[in-house]
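Contents: one structure, followed by commentary.
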2 protein chains.
Amino acid sequence: MAKKSFPLSKVYGLLEPGPVVLMTTAGKERANIMTLSWHTMMEFEPPLVGCVISNRNPSFDILKATRECVINIPTLELAEKVVGCGNTSGRNVDKFKEFCLTPVATSRVKAPIIDECHASLECKVVDTKLVTQYNFFILEVLKAWIDPSMKHPRTIHHLGKGAFMVDGETIKLPSKMK
Amino acid sequence: MAKKSFPLSKVYGLLEPGPVVLMTTAGKERANIMTLSWHTMMEFEPPLVGCVISNRNPSFDILKATRECVINIPTLELAEKVVGCGNTSGRNVDKFKEFCLTPVATSRVKAPIIDECHASLECKVVDTKLVTQYNFFILEVLKAWIDPSMKHPRTIHHLGKGAFMVDGETIKLPSKMK
């Protein structure tokens, strides 16, 4: 794996701009992958991430049972695989095989990292108070990984019905914001 | 106001890609504006939006008391005003005056729409169970407005410390996703 450790204090900068992510979970038979856009940062450090996962998705049950996952951030190059993962169900498909993605075992959680993604966040579930009513999980990021060789990772942002906005230019303004 | 009514069923497409938004609230003395990136869709229709608002911000107290707000989506042209709103406090600044933004009164909520933003979502607070622990509010969008004359609104996405990614190209892939 080309990824290096990434400071937890900087994780918010990866998720705040709203990229589509691929969540991996460790199912009993095999690891699953779910495409996901409904997430938000909730705390800087340790980083907390809130996300909504439909209870019709097998990842919902796995996450509820194992309380562990990895949030992987794909770039434009993986767009077709991202849509593929969103359009198939882990009930009858091994998505790693189907979409030629490489699972990498990691230390903190049983769910695998997706090697092809430019960043991966190992997470544990820390709050399930809103799971029954809203399918809303709160995750703590335990460990973050990033591929430093990708200098300008262009993430993708779902606009609905298979349309995605791709990262454009970056602007910098004088700011006191974190 | 150039904005027209926008279907609630399409609101997710505005917020899923993760734009920075400007939340307006109706304070006792004056309306306030807060810059915000920590939000996520939680349901399609009626649209539910979860968001984190620091309890050090006056908007937190106003939202908690009035249970109403407007989520306004600014475009690149407003980037300096967006940072300005994020770097000042409504305690001692009238942000509408300070940043030459135009408040427009609306019908469903007391908080004003920001005329210069390309879309505005009138919201009421529907769940405060996670407010004490996480500053996390769940909002229902009651009414949505969009400026149809802006054909290619380029939203901005916070990367941290005043850096923003600007919407780039849009790609379309065959997908069964909503």
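Quick note on labels: first sequence line is chain A, next is B, and so on, each numbered from 1. These numbers were taken from a predicted model, which means no experiment stands behind them.
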Self-check item: Pairwise distance NZ(B:Lys178) to OG(A:Ser54) - rounded to 0.5 angstrom
Solution: 11.0 Å
Quiz item: chain A: which of B:Thr170, B:Val52, B:Val83, B:Ile171 shares the most heavy-atom pairs with it under 4.5 Å?
Solution: B:Ile171
Quiz item: In Å and rounded to the nearest 0.5 Å, what is the CG to CD distance from A:Asn135 to B:Glu43?
Solution: 8.0 Å
Practice problem: Mind checking the CG-CG spacing from A:Asp167 to B:Leu159? Nearest 0.5 Å is all I need. | Solution: 7.5 Å
Practice problem: To the nearest 0.5 Å, tell me how far A:Met41 CE sits from B:Trp38 CH2. | Solution: 5.0 Å
Quiz item: For chain A, which of B:His39, B:His157, B:Glu16, B:Lys172 has the most heavy-atom pairs under 4.5 Å?
Solution: B:Glu16
Quiz item: Is any residue of residues 18-29 of chain B within less than 4.5 Å of chain A by heavy atoms, and which ones?
Solution: B:Gly18
Quiz item: Side chain, backbone, both or neither: which part of A:Glu80 has a heavy atom under 4.5 Å from chain B?
Solution: both
Exercise. Calculate, to the nearest 0.5 Å, the distance between atoms NZ and NZ belonging to A:Lys176 and B:Lys161 respectively.
Key: 14.5 Å
Quiz item: Considering residues, nucleotides and ligands other than A:Lys143, do more than 12 of their heavy atoms fall under 6.0 Å from its NZ?
Solution: yes
Exercise. Report, as yes or no, whether the 6.0 Å neighbourhood of atom NZ on B:Lys110 holds more than 12 heavy atoms from other residues, nucleotides or ligands.
Key: no
Quiz prompt | For the student: nearest non-hydrogen atoms of A:Gly162 and B:Ser175, plus distance | solution = CA-CB, 3.6 Å
Quiz item: By a 4.5 Å heavy-atom criterion (distance strictly below it), what part of A:Lys129 contacts chain B: side chain, backbone, both, or neither?
Solution: side chain
Self-check item: Student check: side-chain heavy atoms of A:Arg154 and B:Met165 closer than 4.5 Å
Solution: no
Quiz prompt | Side chain / backbone / both / neither for A:Leu15 at chain B, heavy atoms under 4.5 Å | solution = neither
Quiz item: Between B:His158 and chain A, which part of the residue has a heavy atom less than 4.5 Å away: side chain, backbone, both or neither?
Solution: both
Quiz prompt | Residue part contacting chain A, namely of B:Leu130, when any heavy atom lies under 4.5 Å | solution = side chain
Quiz prompt | side-chain contact (heavy atoms from CB on, under 4.5 Å) partner of A:Phe136, the single match among B:Thr40, B:Leu48, B:Ile138 | solution = B:Thr40
